[in-house]
Amino acid sequence: MNDSTSSESRDFVRQIIDEDLRSGRCDGRIRTRFPPEPNGYLHIGHAKSICLNFGIAEEYGGLTNLRFDDTNPETESSEYVESIKEDIRWLGFDWGDRLYFASDYFDQLYEWAEQLIRDGRAYVCSLSLEEIRAGRGTPSEPGTDSPYRSRSVEENLDLFRRMKAGEFPEGAHVLRAKIDMAHPHMLMRDPIMYRIRHVEHHRTGRKWCIYPTYDYTHGQSDSLEKITHSICTLEFENHRPLYDWFCEALGIHHPRQIEFNRLNLTWTVMSKRRLLELVEGGHVNGWDDPRLPTLRGLRRRGCTPAAIRSLCARVGVTKHNAVTDMVVLENCIREDLNKTAERRMAVLDPIRVVLTNYPEDQEELLEAVNNPEDESAGTRMVPFSRELWLERDDFMEDPPKKFFRLAPGREVRLRYAYFIRCENVVHDSDGRVIELHCTVDPDTRGGTAPDGRRVKATLHWVSARHAVSAEVRLYDHLFSVEHPDEVADESQDWKSNLNPDSLRVVPEAWLEPSLADAMPGDRFQFERLGYFCVDPDSSDEKKVFNRTVTLRDAWARARKK
RNA sequence: AACCCGGUGGUGUAAUUGGUAGCACAACAGAUUUUGGUUCUGUUAGUUCAGGUUCGAGUCCUGGCCGGGUUACCA
């Protein structure tokens with residue numbers, strides 16, 4: 001009911017914003033930003049941040065900037081910039097003309113750095129990486145001052161300018177903020193502001209060989225864009241004192257940083273590092289593998305933007321680490337697709353059925369509803385004939401009590417068609433059932449019996465003569481345990497929990513003929529099976545379908561017990 | 001024994017800021033159903049612990065316990 005951003009209860013972020021609006025702290029204006037680093041593809045965790053930032057701006061009549069945090073040229077590229085823009089648009093958000101890059105601010109950042117040097121708040125440190133690390137101390141012991149900490153302003157300025165001019169090799173010097181080497185926060189122990197990197201940047205090319213760090217860039221970028229609320233994830237909580245320190249030291253507009261909990265899902269991993277490892281290690285087939293929680297993977301899988309937005313609205317925003325059950329996402333997908341996806345019939349694991357009293361040369365077209373949840377979707381005609389494909393699971397030779405489907409001597413309904421009765425079971429030499437002989441009751445055309453008799457099951461089917469074949473990819477959880485982090489013993493890592501059966505390919509499934517002209521990206525419900533999406537691997541000769549998610553299946557659940 | 005943050009049913013969250021612990025998902029039971037789908041109804045189940053303040057504490061205070069983060073020239 002109120003899962004779509006309830007106006008009733010406010011999460012803590014919105015409460016803070018309400019207070020800031022009341023106290024006049026942000027002069028009645030709301031401006032947020034989504035600041036991805038262009039070094040990877042977006043995943044559903046980013047979607048939560050996107051929904052939060054764009055959602056809040058929209059609710060408060062403000063705007064959201066898209067800003068690429070591109071301060072580390074070694075790992076970033078414009079290929080990622082484009083994919084990220086595409087994914088945000090797909091999710092349903094629009095940054096208008098407010099596309100920015102931290103690299104747009106390199107000149108300003110450099111000037112501010114000189115200002116901090118002149119103010120005695122920054123210095124060039126010529127210690128090696130190892131020496132800096134050692135000098136930082138540990139969380140429980142203070143660090144020691146760098147011997148270069150007391151360089152004169154003139155010397156600092158000179159060295160910094162020569163760093164910029166490219167006179168030094170990488171690692172020779174860094175620029176550090178002069179804060180407090182004994183500070184209880186490790187991050188405040190003279191953090192690094194600039195490092196030398198003789199590499200090309202995807203936007204500024206060779207203009208720079210010194211690059212600012214995240215801490216020296218983010219708050220100032222927010223400030224320059226007049227951001228009011230800089231909303232980020234929990235791991236930046238420790239950085240807030242530094243964020244504040246730079247804004248204050250520089251005397252510039254000071255946005256409020258607010259940290260929220262990131263989205264975690266069961267049965268998968270979410271960190272960029274791990275996703276990269278899965279892709280590069282060949283454990284999945286690229287960034288858009290339908291098993292991945294990347295936005296591209298989810299899209300290819302058949303997940304809708306509306307489902308992702310719905311998930312983000314219902315997981316909420318707090319300050320404690322949470323793991324959301326994957327079934328919540330699955331239900332969001334089902335909820336959306338139930339209303340929008342047209343129904344079709346498809347048989348994945350076929351068993352041949354011969355209707356012995358149906359004439360060989362006869363065929364007819366039967367009317368089927370496209371979407372019972374949406375009358376405007378209309379109907380279609382489905383061909384019927386003497387030989388059909390039925391789902392193997394829908395027949396049992398020796399059924400248990402609660403099995404309602406087809407069995408010897410039992411009558412069931414074929415959806416939109418007829419009642420049929422199983423008269424005979426044909427086995428091969430190994431005793432495996434290969435064919436069923438049934439009789440059809442011609443008076444039940446359309447699926448109702450004039451005498452009012454009822455059947456307990458309605459089965460989907462495909463006319464063998466008319467069926468088109470397709471490859472169907474059945475996906476399961478990427479990992480075989482809910483929490484991939486939890487490993488059996490120390491010698492194992494999270495990858496040992498990879499599910500070997502996360503992809504099962506059905507090379508030849510049978511589909512009703514109307515599916516022959518489905519296009520990549522089209523989504524359908526295969527009745528009684530689940531939601532499926534046409535994969536871009538499809539060709540004119542052979543369609544490929546991805547199973548997005550199964551239908552809820554009370555029988556499967558009952559059987560498991 | 002450093003610093004920061006956090007702990008509400010199985011899971012994710014809410015509680016008008018001190019006044020009846022509510023919602024969603026899951027689980028279970030039932031109704032409806034030409035999808036064992038959808039829809040509808042009902043049931044089970046919770047404030048980390050110990051003190052304190054108060055007429056009254058999930059909320060405020062003190063202490064304990066548990067969990068996460070922090071020792072990158074990544075973001």
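Here the structure is a predicted model, which means the values were calculated and not measured.
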For the side chain of [X], counting heavy atoms from C-beta on, which of [options] is nearest?
| X | options | result |
| --- | --- | --- |
| A:Ser140 | B:A2, B:C73, B:G36 | B:A2 |
| A:Thr458 | B:U35, B:U13, B:A27 | B:U35 |
| A:Thr318 | B:U11, B:U13, B:A24 | B:U13 |
| A:Glu373 | B:G37, B:A27, B:U13 | B:G37 |
| A:Asn321 | B:G68, B:C5, B:G36 | B:G68 |
| A:Glu237 | B:C4, B:A75, B:C28 | B:C4 |
| A:Arg195 | B:C73, B:A14, B:U35 | B:C73 |
| A:Arg528 | B:U70, B:G68, B:G36 | B:G36 |
| A:Asn72 | B:G7, B:C74, B:U35 | B:C74 |
| A:Thr138 | B:G36, B:U71, B:U35 | B:U71 |

**Item:** Listed partners of A:Val455 passing side-chain contact (heavy atoms from CB on, under 4.5 Å), at least two apart
**Value:** A:Glu411, A:Arg413, A:Phe419
**Request:** Heavy atoms only: give me the nearest A:Cys125-A:Tyr148 pair and the separation to one decimal.
**Result:**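 Distance-wise, the nearest heavy atoms are CA-CB, 4.1 Å.
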How is [X] classified with respect to the nucleic acid when contacts are heavy atoms under 4.0 Å: base, sugar-phosphate, or nothing?
| X | value |
| --- | --- |
| A:Arg413 | base |
| A:Tyr194 | nothing |
| A:Gly143 | nothing |
| A:Tyr211 | nothing |
| A:Arg197 | base |

Let's test your reading of the model: under 3.5 Å, does the base of [N] pair with the side chain of [X] as donor and acceptor?
| X | N | value |
| --- | --- | --- |
| A:Glu235 | B:U70 | no |
| A:Glu259 | B:G6 | no |
| A:Arg343 | B:U35 | yes |
| A:Asp553 | B:G36 | no |
| A:Arg334 | B:G37 | no |
| A:His239 | B:A75 | yes |

Does [N] have OP1 or OP2 under 4.0 Å away from a side-chain N or O of [X]?
| X | N | result |
| --- | --- | --- |
| A:Asn331 | B:A26 | yes |
| A:Asn261 | B:U13 | yes |
| A:Thr213 | B:A72 | no |
| A:Gln15 | B:A15 | yes |
| A:Arg10 | B:U17 | no |
| A:His460 | B:G37 | no |
| A:His185 | B:C4 | no |

**Request:** Mark yes or no for whether A:Thr444, through its side chain, and A:Asp441, through its backbone, hold a donor-acceptor pair below 3.5 Å.
**Result:**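 Present.
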**Prompt:** Within the distance-only criterion (no hydrogens, no angle test), does the side chain of A:Arg421 pair as donor or acceptor with the backbone N or O of A:Val412 below 3.5 angstrom?
**Reply:**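 It does not hold such a pair.
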Distance only, no hydrogens: is a donor on one side chain within 3.5 Å (strictly under) of an acceptor on the other, for [X] and [Y]?
| X | Y | result |
| --- | --- | --- |
| A:Ser230 | A:Gln257 | no |
| A:Tyr41 | A:Glu79 | yes |
| A:Glu373 | A:Asn371 | no |

**Request:** Hey, can you tell me if A:Trp208 and A:Phe106 have their rings parallel, tilted or perpendicular (30° and 60° cut-offs)?
**Result:**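 The arrangement is perpendicular - the two ring planes meet at more than 60°.
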**Fill in**
On RNA chain B, more 5' by nearest nucleotide between A:Asn338 and A:Val323 is A:Val323
**Message:** What does the 5'-to-3' dot-bracket notation of RNA chain B look like when only Watson-Crick and G-U wobble pairs under 3.5 Å count, and pairs to other strands show as |?
**Reply:** .((((((..((((.....[..)))).(((((.......)))))....(((((..]....))))))))))).....
**Prompt:** Under the 5.5 Å and 30° test, is A:Trp555 stacked on the base of B:G36?
**Reply:** yes
**Message:** Using O4'-C1'-N9-C4 for purines and O4'-C1'-N1-C2 for pyrimidines, with syn meaning within 90° of 0, is B:U41 syn or anti?
**Reply:**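 In terms of base orientation relative to the sugar, B:U41 is anti.
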**Asked** Which is it for A:His218 and A:Tyr214 under the ring-ring contact (aromatic ring centres under 6.0 Å, His included) test, yes or no, and what are the steps along the way?
**Response** CA-CA 6 Å; A:His218 201 87; A:Tyr214 167 85; 4.9 Å; yes
**Message:** Using the C1' atom as the point on both nucleotides, what is the distance between B:U43 and B:U35, in whole Å?
**Reply:** 27 Å
**Request:** Would you sort out whether A:Ile351 and A:Asp394 count as a side chain to side chain contact (heavy atoms under 4.5 Å, CB included), showing the intermediate values?
**Result:** CA-CA 9 Å; A:Ile351 182 169; A:Asp394 283 340; over 6 Å; no
